[in-house]
Amino acid sequence: MGLFDTTQIGLERALSGSALRQQAISQNIANVNTPGYRRQDVDFASALHAAWDGGQSAVSSVNPTQQADMSSVMRADGSSVDIDQEASTQAENGLHYEAIESVMKTRISILKSAIGGS
């Protein structure tokens, strides 16, 4: 087992995905009144879950990407951004980010303790 196992790499990929999702949400909020704008989203969780059984190399190869949400409903002005939904998604994503960050900090603290650091 290496210093950084599949779980650590998965946490790093999830943190990157959550950060990218936050950017997409911010972009959506900024374009709420832009006619023809299609809502953007990042679905990294399903890619991570699918890669998990493939081990460390499969998890390492997961690269979250921003994509247009084709399932969202277009408003009369041509935008598909629902500001209430974006606020809710932003709050949820923030909680996910904080949870992942907390787990990573705990794992690093345990690792430091194991190698004799404080």
Side-chain angles (χ1 to χ4, degrees):
M1 182 168 113
L3 186 59
F4 295 110
D5 59 2
T6 304
T7 301
Q8 184 68 27
I9 293 169
L11 288 169
E12 292 170 9
R13 304 309 309 155
L15 203 59
S16 294
S18 185
L20 184 60
R21 191 169 198 213
Q22 191 66 27
Q23 290 176 7
I25 294 166
S26 297
Q27 184 178 338
N28 292 340
I29 292 171
N31 287 291
V32 68
N33 292 322
T34 302
Y37 179 79
R38 173 73 64 181
R39 179 183 185 278
Q40 302 290 305
D41 199 5
V42 177
D43 180 19
F44 58 93
S46 61
L48 272 176
H49 286 207
W52 199 260
D53 289 337
Q56 192 169 346
S57 63
V59 171
S60 294
S61 68
V62 172
N63 287 316
T65 56
Q66 185 174 321
Q67 300 173 356
D69 179 6
M70 302 308 282
S71 66
S72 58
V73 177
M74 299 298 279
R75 297 188 325 233
D77 66 0
S79 174
S80 65
V81 176
D82 177 344
I83 194 69
D84 293 331
Q85 180 63 41
E86 295 303 323
S88 173
T89 304
Q90 186 177 38
E92 177 186 340
N93 191 56
L95 291 173
H96 282 156
Y97 188 93
E98 288 176 13
I100 296 165
E101 182 183 36
S102 176
V103 171
M104 288 184 73
K105 283 181 179 177
T106 300
R107 289 177 57 90
I108 290 171
S109 175
I110 291 170
L111 184 61
K112 280 183 178 178
S113 178
I115 59 175
S118 53

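This is a predicted model, so every value here is computed, not measured.
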Enquirer: List, by chain and then residue number, the residues other than Leu20 in its hydrophobic cluster (Ile/Leu/Val/Met/Phe/Trp/Tyr, side-chain heavy atoms under 4.5 Å); write none if there are no others.
Expert: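 Hydrophobic cluster check, Leu20: joined to Ile9, Val42, Phe44, Leu48, Trp52, Val59, Val62.
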Enquirer: Measuring from atom OG1 of Thr6 to atom CG of Leu11, what distance do you get when rounded to the nearest 0.5 angstrom?
Expert: 11.0 Å
Enquirer: Can you tell me which residue pairs pass the salt bridge (Lys or Arg N to Asp or Glu O under 4.0 Å) test with a partner in residues 42-69, sequence neighbours excluded?
Expert: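 Applying salt bridge (Lys or Arg N to Asp or Glu O under 4.0 Å) to every pair that reaches into residues 42-69, excluding sequence neighbours, yields Arg39-Asp69.
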Enquirer: Which atom pair, heavy atoms only, marks the closest approach of Arg38 to Gln40?
Expert: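 Arg38 and Gln40 have their closest heavy atoms at O-NE2, 3.1 Å.
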Enquirer: Does any part of the side chain of Gln90, heavy atoms only, come nearer than 4.5 Å to the side chain of Asn28, both counted from C-beta?
Expert: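 In short, these two side chains do not touch, never coming nearer than 4.5 Å.
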Enquirer: For Ala51 and Ala58, which heavy atoms make the closest approach, and how far apart are they?
Expert: O-CB, 3.4 Å
Enquirer: Using side-chain hydrogen bond (donor to acceptor under 3.5 Å, both in side chains) as the criterion, list what pairs up with Asp41, not counting sequence neighbours.
Expert: Arg21
Enquirer: Would you check if the side chain of Thr106 reaches a backbone N or O of Ser102 as a donor-acceptor pair within less than 3.5 Å?
Expert: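 Indeed, once roles are kept as given, a pair shorter than 3.5 Å links the two residues.
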Enquirer: Are the side chain of Asn93 and the backbone N or O of Thr89 linked by a donor-acceptor pair below 3.5 Å?
Expert: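 Here the side-chain-to-backbone pair does not exist.
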Enquirer: I would like to know whether Leu111 and Gln8 meet side chain to side chain contact (heavy atoms under 4.5 Å, CB included); could you show each step before the answer?
Expert: CA-CA 11 Å; Leu111 184 61; Gln8 184 68 27; over 6 Å; no
Enquirer: Looking only at atom types and distance, does a side-chain atom of Arg75 sit under 3.5 Å from a main-chain N or O of Asp82, one as donor and one as acceptor?
Expert: no
Enquirer: Once rounded to the nearest 0.5 Å, what's the spacing between atom CD of Gln56 and atom OG1 of Thr7?
Expert: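 Taking CD in Gln56 and OG1 in Thr7, the distance rounds to 9.5 Å.
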Enquirer: Look only at the side chain of Ser88 and the backbone of Asp84, and say whether a donor-acceptor pair between them is shorter than 3.5 Å.
Expert: no
Enquirer: Considering non-hydrogen atoms only, spot the tightest contact between Ser16 and Pro64 and give its length.
Expert: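 Heavy-atom minimum between the residues: C-CG, 4.4 Å.
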Enquirer: Kindly state each residue pair satisfying salt bridge (Lys or Arg N to Asp or Glu O under 4.0 Å) with at least one member in residues 22-31, sequence neighbours excluded.
Expert: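 Sorted result for residues 22-31: empty, none.
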Enquirer: Any sub-3.5 Å donor-acceptor pair from Ser18's side-chain atoms to Ala14's backbone N or O?
Expert: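 No, because the side chain of Ser18 does not come within donor-acceptor range (under 3.5 Å) of the backbone of Ala14.
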Enquirer: Other than Val73, which residues form its hydrophobic cluster under the rule that side-chain heavy atoms must be closer than 4.5 Å?
Expert: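 In the cluster with Val73 there is nothing else; it is isolated.
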Enquirer: Please give me the minimum heavy-atom distance between Glu101 and Leu15, naming the atom from each residue.
Expert: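 Between these two residues, the closest heavy atoms are N-CD1, 4.2 Å.
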Enquirer: How is the hydrophobic cluster of Val81 composed, in terms of its other members, when Ile, Leu, Val, Met, Phe, Trp and Tyr link through side-chain heavy atoms under 4.5 Å apart, directly or indirectly?
Expert: Ile25, Ile29, Val32, Tyr37, Ile83
